[in-house]
Amino acid sequence: MNPFGISTDLDELVRLVMSDLKTVGALNPAPAVPVVPASEEKVEPVLRLSDKLINVALIESKDDRKTRRWIVPRRAILTPLAKEELRKRKIELVYEEGSSSLNPDVQKANGSFLIALHGIKNNPTLSALLDRVRKKVPFAQIEKSCIIETTEEIARQLLDQSISAAVILSPYPAPASLLANRREGVRALIASDPNQFKADAPLIGANTLILNPESVGLFRMQQILNEFVEKAPYSLPGFLKGIS
């Protein structure tokens with residue numbers, strides 16, 4: 001007994017406290033933590049596409065507003081407008097066996113080009129040059145006997161985003177340029193000197209290159225083509241936007 005008349009039996013105090021704690025626990029049990037079976041864990045939905053061309057029309061038809069990760073074939077072509085549309089919709093596009101298509105290097109490697117031959121024969125020397133270009137970037141190739149049909153086809157494919165840039169190989173570059181630039185969405189440039197082309201192409205936001213193999217020569221033609229497929233389509237300068 002201490003001077004204050006309080007028992008100092010510690011064992012008894014511990015027993016009483018433990019008894020109170022058990023009583024409180026029984027009256028207020030801790031909430032159970034739900035266990036989610038592995039089969040019910042949330043898995044991010046993925047959409048697999050077999051399409052070789054990814055354009056705005058395809059995105060609009062496939063977007064269910066839920067699936068934010070799409071997987072496409074390794075060599076699928078993504079148009080510039082489609083790339084921007086995916087960004088707006090917050091959709092990640094991933095190439096099979098590759099990295100995200102939103103990487104600009106991947107996009108450039110898979111850029112969609114069309115090379116149109118008009119009024120010239122695809123001889124072995126020219127074929128070899130085009131094969132070297134094809135190793136840098138895949139492209140479709142057409143041959144037309146009519147320059148009007150050639151420019152119409154290029155304008156159509158640029159407009160519906162089947163392609164992002166085009167090359168016309170013709171012995172008649174001036175008529176080709178005149179007809180091409182009358183078409184909506186076409187910004188065509190005649191080139192004969194690599195350095196001049198490098199300076200001029202960004203000024204008009206070129207998306208169509210016109211070359212005369214007979215006058216340019218294969219060496220300069222190779223230089224110009226390399227520059228074009230690496231950087232086209234060039235962005236439209238601000239001062240030209242809105243000009244019809």
Side-chain angles (χ1 to χ4, degrees), residues 28-116 131 133-142 152-167 183-187 202 205-208 226 228-238 241-242:
N28 301 284
V33 178
V35 177
V36 180
S39 60
E40 296 182 11
E41 291 181 357
K42 186 177 180 180
V43 178
E44 182 183 2
V46 174
L47 175 64
R48 287 186 174 272
L49 299 175
S50 60
D51 304 77
K52 298 295 181 66
L53 175 67
I54 312 301
N55 57 20
V56 173
L58 179 72
I59 293 171
E60 291 175 344
S61 67
K62 298 293 185 181
D63 187 11
D64 60 3
R65 306 293 178 178
K66 298 177 182 178
T67 308
R68 301 295 90 184
R69 184 180 175 87
W70 294 6
I71 299 177
V72 299
R74 184 167 61 90
R75 294 188 178 278
I77 294 171
L78 176 66
T79 68
L81 289 180
K83 177 182 175 182
E84 178 64 17
E85 188 67 21
L86 289 171
R87 187 191 65 78
K88 290 178 181 177
R89 294 172 184 249
K90 297 181 179 180
I91 296 174
E92 179 187 11
L93 196 68
V94 177
Y95 287 103
E96 291 179 344
E97 302 177 7
S99 58
S100 169
S101 67
L102 298 185
N103 181 321
D105 294 332
V106 175
Q107 165 62 15
K108 184 58 63 178
N110 289 278
S112 51
F113 284 80
L114 172 68
I115 293 186
D131 285 342
V133 174
R134 189 177 279 109
K135 290 179 181 179
K136 293 179 176 292
V137 59
F139 64 82
Q141 183 174 320
I142 62 173
E152 284 180 346
E153 179 64 18
I154 287 173
R156 183 188 66 78
Q157 293 201 35
L158 284 171
L159 197 59
D160 68 14
Q161 303 171 40
S162 297
I163 59 173
S164 58
V167 177
R183 307 289 179 185
E184 180 182 358
V186 179
R187 301 183 297 278
N207 59 11
T208 301
N226 288 344
F228 185 69
V229 300
E230 180 182 343
K231 297 182 179 178
Y234 295 80
S235 298
L236 184 64
K241 292 180 179 179

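Any value given below was found using the heavy atoms of this structure, including those in side chains, with hydrogens, waters and symmetry copies removed.
- Ring orientation note: the planes of Phe228 and Tyr234 are tilted relative to one another, at an angle of 30° to 60°.
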Test log, rule side chain to side chain contact (heavy atoms under 4.5 Å, CB included), inputs Ile91 and Arg69: CA-CA 6 Å; Ile91 296 174; Arg69 184 180 175 87; over 6 Å; no
Candidate pair Glu230 and Lys136, rule side chain to side chain contact (heavy atoms under 4.5 Å, CB included), full reasoning: CA-CA 8 Å; Glu230 180 182 343; Lys136 293 179 176 292; over 6 Å; no
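- With rounding to the nearest 0.5 Å, the separation of CG in Leu49 from CG in Leu58 is 6.0 Å.
- A 6.0 Å sphere centred on CZ of Arg48 holds no more than 12 heavy atoms belonging to other residues, nucleotides or ligands.
- Between the Ser164 side chain and the Ser112 main chain, a donor and an acceptor come within less than 3.5 Å of each other.
- A donor-acceptor contact shorter than 3.5 Å links the side chain of Asp64 to the backbone of Thr67.
- With Asp160 contributing its side chain and Ala57 its backbone, the two residues share no donor-acceptor pair below 3.5 Å.
- The backbone N or O of Ala165 lies less than 3.5 Å from no partner atom in the side chain of Asn207, so there is not a single donor-acceptor pair.
- Side chains of Asn55 and Leu81 form no contact here, defined as non-hydrogen atoms less than 4.5 Å apart.
- In this structure, Val229 and Phe113 have side chains that are in contact, with non-hydrogen atoms separated by less than 4.5 Å.
- Closest heavy-atom contact between Pro45 and Lys66: CG-O, 4.2 Å.
- Between Leu114 and Ile154, some side-chain heavy-atom pair lies under the 4.5 Å cut-off.
- For the pair Trp70 and Val46, the minimum side-chain heavy-atom distance is 4.5 Å or more.
- Judged purely by atom type and a 3.5 angstrom limit, Asp51 has no side-chain atom pairing as donor or acceptor with the backbone of Ile54.
- Within the 4.5 Å cutoff, side-chain heavy atoms of Thr208 are placed close to those of Leu158.
- Atom CD of Glu92 sits about 9.0 Å away from atom CD1 of Ile71, to the nearest 0.5 Å.
- For the pair Ile59 and Leu86, the minimum side-chain heavy-atom distance is below 4.5 Å.
- In terms of heavy atoms, Ser50 sits closest to Pro73 at O-CG, 3.7 Å.
- Arg187 and Gly205 make their closest contact through NE-O, 2.5 Å (heavy atoms, listed as atom of the first residue, atom of the second, distance).
- Note that CD of Gln161 is 9.0 Å distant from CD of Glu85, once rounded to the nearest 0.5 Å.
- Evaluated for a side-chain contact (heavy atoms from CB on, under 4.5 Å) with Ile163, the options Gln157, Glu153, Arg156 yield exactly one hit, Gln157.
- A side-chain donor-acceptor contact under 3.5 Å links Arg68 to the backbone of Arg89.
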